[in-house]
Q: 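Quick one: structure below, then a few questions.
Note that the structure is a prediction, hence the values are computed from the model and not measured. Letters A, B, ... are given to chains in the order of the sequence lines, protein chains preceding strands, and every chain is numbered from 1.
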There are 2 protein chains.
Amino acid sequence: MTEYVGTATPVGSAYVARTPGVNVSSATVRSDMVALERDGYLVQPHTSAGRIPTDKGYRFFVDHLAPAGILGTPQRQRVKRFFDRVHGEMEDMLERASTLLSELTPYAAVVVSPSHGSATVRSVQLVSLAPRLVLLVVVLSDGAVEKRTLELDEGLSEEELGRLSTRLVQGLVGCDLDGAAELVPDAGGASSTFLESVGRALHEIARAEESDQVYLGGPSRLAEAFDAVETVRSVLSILEQQLVVVTLLRDVLDRGLSVAIGTEHGFEPLASCAVVVAPVSVGDNETGAVGLLGPTRMNYPQALAAAHVVSSELSERMNDAFGHHRGGDRGGH
Amino acid sequence: MTEYVGTATPVGSAYVARTPGVNVSSATVRSDMVALERDGYLVQPHTSAGRIPTDKGYRFFVDHLAPAGILGTPQRQRVKRFFDRVHGEMEDMLERASTLLSELTPYAAVVVSPSHGSATVRSVQLVSLAPRLVLLVVVLSDGAVEKRTLELDEGLSEEELGRLSTRLVQGLVGCDLDGAAELVPDAGGASSTFLESVGRALHEIARAEESDQVYLGGPSRLAEAFDAVETVRSVLSILEQQLVVVTLLRDVLDRGLSVAIGTEHGFEPLASCAVVVAPVSVGDNETGAVGLLGPTRMNYPQALAAAHVVSSELSERMNDAFGHHRGGDRGGH
DNA sequence: ACTGGCAGTCGGTAGAATCAAGTGCCAGTT
DNA sequence: AACTGGCACTTGATTCTACCGACTGCCAGT
C-alpha cells in the first residue's frame, strides 16, 4: 500500500484505492492511513486534504521498498555517449559530468573532485614569463598541474632558471607536496630568497590541493524543483559556499548513507531538501562524490540510479587514467 | 522631474509632488506624466496605478541624468581589500572577482576571462605519469598553463621523453598555439605517431584556449532580484550556457554600450533583464568583460560603479602581471 | 504655467457563500 | 477479524460582491 508514497504529492484514500494493484476500498485505505500517520510516516497538511509522506516516510520508502531504480534507455544512452566522448582533462570531465547529472534528473547536481591527498611531485619547472616574472609549474603524480607566478627582485637568466629547475626536479620528485615545500629552502645556496618564495608557493599549492573542487551543475533545476522563490534563493546561496557542500556530502557518505532526507543531515537551512550522494573512488579510497539536490519529494529511485551510474563511470574513468599505478608501480625507471 | 524615475517601482503623482526638491503640485506632475507617457518613457500597468518607467525611460535615465554612481565607502574598502589580498592565479582571481561583484550589488555577476588570443608558447614539457601515460604540459606567454594526457602504444623511457621535450621546446617556443600544432608532426622522425598525438593535443589546447572561460558569481542574487520563480529559472538556465553569455556581453560591448536594458540586446529570453557591462582590457585590446545581470529596474548608478571599479582593477592587475611585456620585450635573452 | 477640486476608473482586499476533496466513524457483510 | 458502503463533518480553495483607496483626467480658477 505504501508503494504509492514515492510518486507524487498530497494523495487521498480514494486515489490510492483507485490505483490498479490495490484491490481494497477507500475506507480500508483510510484506516491504514491513520495507522501510518500514528506511526509518523504520513501527515496531512490540514484536515481533509490528502496525506503526504513525512521525512520518516520517505526514509522507509528508500530503505525498504524502493523499486531498484533503472534509468530510461534514452538516459542510459546519454551517459554512454558522454563517457565515450570525454577526452579532455579531469577537471573538464568533472565539470561536464555535473551538468550531465543535472540533465539526467530534474535536480541540481554537485560533483566534488577527489582530493589529491597522496599524490607526489612528478615534475617541477620554472618558466620565465618576463624579466622579473617566473612561473612555477608543478606536475603531480595524479596528473594534476598547478602553477604559481613568482615575482623576483633581481632578474634571472634562462640558464639559471634551467639549472634551478633541474635541481628542484632532482630534489623533489617523489615527495608529497608538503614534504617538497619543507625541503626547498634547504636546497639553498646562491639565490636563497628566491627559493624561499618557491617554498611558499609550494605550500600554497599544497593547501590549494587539499581543498576539493566543487562543480555545480544545473542550478536552474532548483528553480524547477521548488516553487517558493525564497527557498530557491536560500538553497542557491548555500551551494555558493563550496566548503559547506563538500562537508555536507562527505558527512553523509561517512555515515554510510546514500540519501539524506530533510533534517537527516544536520544542516538546518537545507531542511526542505533531500540529498542523494554516491562516492567517487579513485584507487582504494573514496574521496570524491557526486550528489543530487532536490526537494524531499524527489524521485529517489531515479536520482539514486543516475547518481550511481555517473559516480561509477567517473570512478572507472579516473582509475583507468591514474588509479592503477597507485599502489606501487609508478613509471619506468 | 524625471529624476525620480531611477529609484523605485510604481510611483504616483502625489508621491512625486511630495518629494523634497519638487515644488509643484500633483496636478502639474500629472500633466508632465501624460507627456512622458505619450513619448514612451512611462507606462501605467493599469489605469490608476502609478507609472513605471519603460525600457526607453531607463535608457534616458542612464544616458542623460544618471547621478554618476559612487560606491559606498564600505564597499570601496571591500574592493580594496580584495585586490590587496589577491595572490593566487588569474583563474582564481577572476572566479573570486565574480563573487565579489555580486556581493557589491544585489545582482548576479559574470566575469569573462580575456582570451589568450595572441599568446605564444613559452614551454612544452612531457611528463611520464605511468608506463604508457604521458602528460603534455604547455605554458603560454601570458602565464596560462594547459595540460593534456596522452596514451601511448609503446612505453617510452624517461630519457626519450626528456629528449622529445627538449626538441619540442626548441621547435615551438615563440610560436602561437596553432602554429605549434601545425609544426609538430613535421619534427617527425622515430616516434612520429606519438608526435602526431602531441599535435592533436596542441590543436585541442588551441581550441580550448579560444573559448573564453565564464565565471558566474552569486546566482542566488537572481532569486532576490526577480520574484517570479519562472523568471529565475529561465534566466539561470541561460546563464548555464556559457557561450551565450560571452556572446551577449561581447555584443553589448561591441555596440559601444555599457548598459543593455530589456530588449536592447536582441536576446529575447532576457527581455526582463538589464545587463551592465564593463570591459577588461589586457594590453591594448579589450577581450574580457565583467557584467551584472538584474531586473530592468536595477540601480544603474550603483551597478555601473561597481562594474567599473572591478573591471578596471582587474585590468590593472592583469596588466601588471602579464600585460607590460606584450608589445615587444618578451623576457630575458 | 500652475493649482485645487472633483468625478471616474480600477486593482486589491475582506467577507460571505459555495464547492469539492477527503476524513472518521459506524453499522453491516463476508 | 477484515473489509465495505454510507454518511455527516471539516476545511482549504474558489468565486462573488461590495467596498476602499490610490490614481488619473479634466476643468475652472488664480
Q: Does C:dC2 have OP1 or OP2 under 4.0 Å away from a side-chain N or O of B:Thr28?
A: no

Q: Under 4.0 Å between a side-chain N or O of B:Ser25 and OP1 or OP2 of C:dT3?
A: yes

Q: Checking ring-ring contact (aromatic ring centres under 6.0 Å, His included) against A:Tyr41, which of A:Phe61, A:Phe60, A:Tyr58 comes through?
A: A:Phe60

Q: Using whole Å, report how far CG of B:Leu36 lies from P of D:dG25.
A: 12 Å

Q: To the nearest angstrom, how far is B:Arg38 atom CZ from D:dG25 atom P?
A: 12 Å

Q: In the structure I gave you, are the side-chain heavy atoms of B:His308 and B:Ser312 within less than 4.5 Å of one another anywhere?
A: no

Q: Could you tell me the separation between the CG atom of A:Leu216 and the CG atom of A:Leu239, rounded to the nearest 0.5 Å?
A: 5.5 Å

Q: Given the structure, check if the side chain of B:Arg30 and the base of C:dG5 hold any donor-acceptor pair shorter than 3.5 Å.
A: yes

Q: Start at the 5' end of DNA chain C and walk down; is the nucleotide closest to B:Ala27 or to B:Thr47 reached first?
A: B:Ala27

Q: Rounding to an integer number of Å, can you tell me how far B:Asn23 CG sits from C:dG4 P?
A: 12 Å

Q: Taking CD1 from A:Ile52 and P from C:dA21, how many angstroms apart are they, rounded to a whole number?
A: 19 Å

Q: Searching all strands shown, indicate the nucleotide that pairs with C:dA21 (Watson-Crick or G-U wobble; both distances under 3.5 Å).
A: D:dT10

Q: Distance check: side-chain N/O of B:Arg51 vs OP1/OP2 of D:dC23, anything under 4.0 Å?
A: no

Q: Atom CG of A:Leu42 and atom P of C:dT23: how far apart are they, to the nearest Å?
A: 10 Å

Q: Heavy atoms only: give me the nearest A:Thr54-A:Leu42 pair and the separation to one decimal.
A: CG2-C, 3.8 Å

Q: Choosing from D:dG25, C:dT23, C:dC10, which nucleotide comes nearest the side chain of B:His46?
A: C:dC10

Q: Classify the nucleic acid contact of A:Ala49 as base, sugar-phosphate or nothing, counting any heavy atom under 4.0 Å across all strands shown.
A: sugar-phosphate

Q: Working to the nearest 0.5 angstrom, can you tell me the gap between A:Asp251 CG and A:Phe267 CZ?
A: 11.0 Å

Q: Which whole-number value in Å describes the distance from A:Arg18 CZ to C:dA21 P?
A: 9 Å

